Amino acid sequence: MDSFGTNRTPLRSVAAASATRRSALLRPHRHPALGNRLAATKLGIGSRCGGGYFDKAGVSILVQRLDAARSTAAKSQSEKAGRSVTEEMGHTSSDSEVPLKYSSGKAFPLGVSQVEGGLNFAIFSQHASSVTLCLKLPERGTQDDVEMVECALDRQKNKTGDIWHVSVEGLPASGVLYGYCINGPQGWQQGHRFDDRVILLDPYAKLVSGRKYFGVEEEKSNQLFGTYDFDSSPFDWGDDYTLPNLPETDLVIYEMNVRAFTADESSKLGSAVRGSYLGVIDKIPHLLELGVNAVELLPVFEFDELELKRFPNPRDHMVNTWGYSTINFFAPMSRYASAGGGPVAASKELKQMVKALHNAGIEVILDVVYNHTNEADDANPYMTSFRGIDNKVYYMLDLNNNAQLLNFSGCGNTLNCNHPVVKELVLDSLRHWVKEYHIDGFRFDLASVLCRGPDGSPLDAPPLIKEIAKDSVLSRCKIIAEPWDCGGLYLVGRFPNWDRWAEWNGQYRDDIRRYIKGDPGMKGVFATRVSGSADLYQVNNRKPYHSINFIIAHDGFTLCDLVSYNSKHNDANGEGGRDGCNDNYSWNCGVEGETNDLNVLSLRLRQMKNFHVALMISQGTPMMLMGDEYGHTRYGNNNSYGHDTHINNFQWGQLEERKDGHFRFFSEMVKFRYNHPILRQDRFLVKPAFTVCNSWFILLPKRVHYTEIFLVGRMMSHGMKIVGRTRKANFWHSRKEVIVLHLNMCYVLSTIHDHNSGGDIYLAFNAHEYFVDAVIPPPPHHKSWSRVVDTNLESPNDIVPEGVPFTGSGYRIAPYSSILLKAKP
């Protein structure tokens, strides 16, 4: 999420609504068929799960005990949950059922694993007093009506340290649903939130089963279970498959949402494929045509898109389509599978998507949310896993305030990431995505949370951040921090990095926005930002590409809305416009919102192109948002997380309408950057440094040899003129580029000399409301200038990759426009 203020306030409701919701989460008090292992401690029969099994022997006696226990349990559960409990008759297993046999099992690995003769289940809980494994077997009914098989673990035989474990023989190798019921101390003030009536999801479940179709409220099951698949063959990545392994200097990142990319009917995909992993594969040609080489996917870990509908509230009309509410850190979002295929299909199709992107030379970066979970706050908890397993370990608590959850995420809870157990969970999760799904990198949502200790205090050397940077499995991965959180820990340029971590550069976003829209006094910071933000990142061995440059991201305005709205318009979110950020540094170009005024529309298009030029010529790693390549609008909504509609969905029809104009410009500008290495250097300009001469700023990279720098004079009333020239030989050791910027008011002129890899580049930005006559310096020897970009011109003349010959000594730059010239032989 972005520092621009994405809503992170947890929901509030009346007590009755909360009680209704809580009741819905309680497990049905079903006891197992007598052919299966019984919950011995609750029925007073047999041993615990340390060994042995139950078959048909003793059925009549057990049925009597089961009936008596059921009556007592039903009464107890009804009193606790405030609801009636459905009673079930005991029955024997069929002759075809294989009895389950239990043994002590082993503590590692956590989750479900295959062992000789069966499956091992292991879960961590330091403070639990009892743990019961709950199983649903597919051959014994559907997910909604099958009986629950329960196995209560023995503290003596099924516990090693703080890990509870059991091995089960006789289970199918796939399709079984499982969870845990866990009890422990009830001391709220000590940080405990145990409730053994709730079936909890295994934090290490590699697959999660729930609803099958995205956003369909009519589906019966709302209970989440872990599941596994040891039957399927390993995924075939192909003999000729290779990882892209792109240098960080070369990345152009495209931030996108898997579902929103193809969910709209205008994608012309079949209904079974729209909004799925497979849908992305169909649209890879678009990504290649645009020119991007990395996609940054909004969360694809399992999340509950209907969480806003749990109880009546002002936002219960919305669907969480962004996914920043993680339920499990290992399982892919199951409802991104095509045709409601479920978790196994989702896993396979995600791999197919990654493989297809890699084969196209596109890397896959995941937006990961380790700062909080879906379980909300103490006022309206959504207990699904961590809270009921060991709340005191998994979450940061204020032990001086009734052990309330600390909230540095804005979502009601904060994951205790630097606790040793939680830290290992995060590392295991990251390794899993790299090994199993071949993911190329991660962007860490609200990463400053990961820099806090258990009490929320900032840490100078956070163990988790360091281990991610040093981990051998993650060594090939791009690691990107969103270097702030909702508790005010703003670490842009100061994020603990070990020379590995890149950062979303929020300062770049703000400064570029302010300069392009014409704010005064922004000339110096604009030059600093497009030159690589050395003031922030030239520390130790950090590089310009550690600055992730962006003007637009998923939260906040789209690029079209940035030039169309002065204020946010978030009424559709149900919070009276209180959500979303008020400081957007936007300008509507004269009219708020939609308009037919051709002059306003022309200015808006020009401004969008100016922003894109600035982004693509900046040193650092550029990131653009899905839909900006055709001018997507959310109609002024700068916090659209809850709209599974055209507000967020890519509009393929609009893309086609603007293919030859808007899209063409954006695509050609991306390719121009890629074809000119001078725009993506791996070292900083000197010191951050500016050599200042009156109003002239000369930015020099390290180890530069230059023969000539043109000092461009002060702005005159009608334009610019060259007033001086200086020569100096062998100033440093190698011949590279020189950037000369003249900065005065809102006018920036830049000449980039490239002695190695191509022609010099001349850039000028005019953020004035009037024309500026710029004097163009002579081109290098035996070369002449060609105009590549003039954002004031109509398509296709606004960008001509091969260049249009230019022979004049001056150029009249239109208001709110930019030009780019290239020296050619």
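In this text, all values refer to a predicted model and were calculated from it rather than measured experimentally.
Atom CD1 of Ile362 and atom CD1 of Ile253 lie 13.0 Å apart (nearest 0.5 Å). Between Ile512 atom CD1 and Arg514 atom CZ the span is 12.0 Å, to the nearest 0.5 Å. Taking CD of Glu217 as the reference point, atom CZ of Arg211 lies at 8.5 Å (rounded to 0.5 Å).
His612 and Phe666 have their aromatic ring centers within a separation under 6.0 angstrom. With ring centers used as reference points, Phe301 lies under 6.0 Å from Trp433. For an aromatic pair to be called close, the ring centres must be under 6.0 Å apart, and Phe261 with Trp652 satisfies this. Two rings, from Phe806 and Tyr811, have their centers less than 6.0 Å apart. Taking the six-membered ring for Trp, His554 and Tyr324 have ring centres closer than 6.0 Å. Remark: aromatic rings of His632 and Phe650 are distant, center separation not under 6.0 Å. His286 and Phe663 have their aromatic ring centers within a separation under 6.0 angstrom.
Environment of CG in Asn245: crowded, with over 12 heavy atoms of neighbouring residues, nucleotides or ligands closer than 6.0 Å. A 6.0 Å sphere centred on CD of Glu592 holds more than 12 heavy atoms belonging to other residues, nucleotides or ligands. Heavy atoms from other residues, nucleotides or ligands lying under 6.0 Å from CG of Asp660 number 12 at most. Within a 6.0 Å radius of NZ in Lys659, more than 12 heavy atoms belonging to other residues, nucleotides or ligands are found. With a 6.0 Å radius and a threshold of 12 heavy atoms from other residues, nucleotides or ligands, Glu802 has its CD atom above the threshold. Around the NZ atom of Lys348, the shell of radius 6.0 Å holds no more than 12 heavy atoms that belong to other residues, nucleotides or ligands. Other residues, nucleotides and ligands place no more than 12 heavy atoms under 6.0 Å from the NZ atom of Lys212.
Between the side chains of Asn570 and Asn639, no donor-acceptor pair of N or O atoms lies under 3.5 Å. Under 3.5 Å, the side chains of Asn505 and Ser533 contain a donor-acceptor pair of N or O atoms. Judged by distance alone, the side chains of Ser334 and Glu302 do bring a donor and an acceptor atom under 3.5 Å apart. For the residue pair Ser347 / Tyr437, a side-chain donor-acceptor distance below 3.5 Å is found, with atom types taken as modelled. Side-chain N/O atoms of Asn610 and Ser818 include a donor and acceptor closer than 3.5 Å. Side-chain N/O atoms of Asn638 and Asn584 include a donor and acceptor closer than 3.5 Å. Residues Asn320 and Glu307 bring a donor and an acceptor atom of their side chains to less than 3.5 Å of each other. Side-chain contact check for Thr791 and Asp798: no donor-acceptor pair (N or O, by modelled atom type) lies under 3.5 Å. Of the N and O atoms on the side chains of Lys822 and His676, at least one donor lies less than 3.5 Å from an acceptor on the other residue. Counted by atom type alone, Asp264 and Gln651 present one or more donor-acceptor pairs between their side chains at under 3.5 Å. Checking Tyr635 against His569 by side-chain atom types alone, no donor-acceptor pair falls below 3.5 Å. Remark: the Tyr254 side chain and the Glu629 side chain contain an N/O donor-acceptor pair separated by less than 3.5 Å. At a cut-off of 3.5 Å, with distance as the only test, a side-chain donor of Asn637 or Asn573 sits close to an acceptor on the other residue. Checked by atom type, the side-chain pair Arg787/Tyr762 shows no donor-acceptor distance below 3.5 Å.
Comment: Lys478 does not engage Asp440 in a salt bridge, judged by the lack of any side-chain N to carboxylate O separation of less than 4.0 angstrom. Taking 4.0 Å as the cut-off between side-chain N and carboxylate O, Asp644 and Arg259 count as a salt-bridged pair. Between Asp316 and Lys309, no side-chain nitrogen of the basic residue sits less than 4.0 Å from a carboxylate oxygen of the acidic one, so the salt-bridge criterion is not met. In summary, Lys517 and Asp519 engage in a salt bridge, as defined by a charged side-chain N under 4.0 Å from a carboxylate O. Between Asp561 and Arg634, no side-chain nitrogen of the basic residue sits less than 4.0 Å from a carboxylate oxygen of the acidic one, so the salt-bridge criterion is not met.
The cationic atom of Lys523 (NZ for Lys, CZ for Arg) does not lie both less than 6.0 Å from the six-membered ring centre of Phe526 and within 45° of the ring axis.
Contact detail for Ala346 and Met333: the closest heavy-atom pair is CB-O, 3.7 Å. Shown here for Glu363 and Leu246, the closest heavy-atom pair between the two residues is OE2-N, 2.8 Å. Here the closest heavy-atom approach between residue Met623 and residue Ala553 is recorded as CE-CB, 4.1 Å. Closest of all the heavy-atom pairs between Pro314 and Gly574 is CB-O, 3.2 Å. Residues Pro622 and Met616 approach most closely at CB-CE, 4.0 Å, considering heavy atoms. When all heavy atoms of Tyr213 and Ala339 are compared, the pair lying nearest together is OH-O, 3.6 Å.
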Can you check side chain to side chain contact (heavy atoms under 4.5 Å, CB included) on Arg664 and Glu668, steps first, answer last?
CA-CA 6 Å; Arg664 176 183 171 277; Glu668 293 294 351; 4.2 Å; yes
Step by step, work out the side chain to side chain contact (heavy atoms under 4.5 Å, CB included) result for Arg680 and Arg673.
CA-CA 8 Å; Arg680 41 191 176 87; Arg673 175 185 177 85; 3.7 Å; yes
From CA spacing to verdict: side chain to side chain contact (heavy atoms under 4.5 Å, CB included), Tyr674, Phe672
CA-CA 5 Å; Tyr674 184 78; Phe672 184 87; over 6 Å; no
Does the pair Met522 and Asp511 meet the rule for a side chain to side chain contact (heavy atoms under 4.5 Å, CB included), with working shown?
CA-CA 7 Å; Met522 297 302 298; Asp511 292 342; 3.7 Å; yes
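At distances below 3.5 Å, at least one donor-acceptor pair connects side-chain atoms of Ser586 with backbone N or O atoms of Tyr565. Formation of a donor-acceptor pair under 3.5 Å by the Ser602 side chain with backbone atoms of Leu598 is not found in this model. A side-chain donor-acceptor contact under 3.5 Å links Gln681 to the backbone of Pro677. A donor-acceptor distance shorter than 3.5 angstrom exists from the side chain of Ser667 to the backbone of Glu289, with no hydrogens or angles considered. The closest donor-acceptor contact from the side chain of Asn648 to the backbone of Ser640 lies under 3.5 Å. At least one donor-acceptor pair under 3.5 Å links the side chain of Asn766 to the backbone N or O of Ala814. A donor-acceptor pair is defined here as one N or O able to donate and one able to accept, closer than 3.5 Å; such a pair exists between the side chain of Arg335 and the backbone of Phe303. Proximity of a side-chain donor or acceptor of Asn675 to a complementary backbone N or O of Lys671 within less than 3.5 Å is detected. A donor-acceptor pair under 3.5 Å is absent between the side-chain atoms of Arg509 and the main chain of Phe550, judged by distance alone. Side-chain N or O atoms of Glu255 include none that pairs as donor or acceptor with a backbone N or O of Met626 at under 3.5 Å.
Just one residue in the list Phe611, Phe771, Trp587 forms a ring pair (Phe, Tyr, Trp, His ring centres under 6.0 Å) with Tyr816, and that residue is Trp587. Applying the side chain to side chain contact (heavy atoms under 4.5 Å, CB included) test between Cys589 and each of Thr595, Leu603, Asn599 identifies Leu603 as the sole match.
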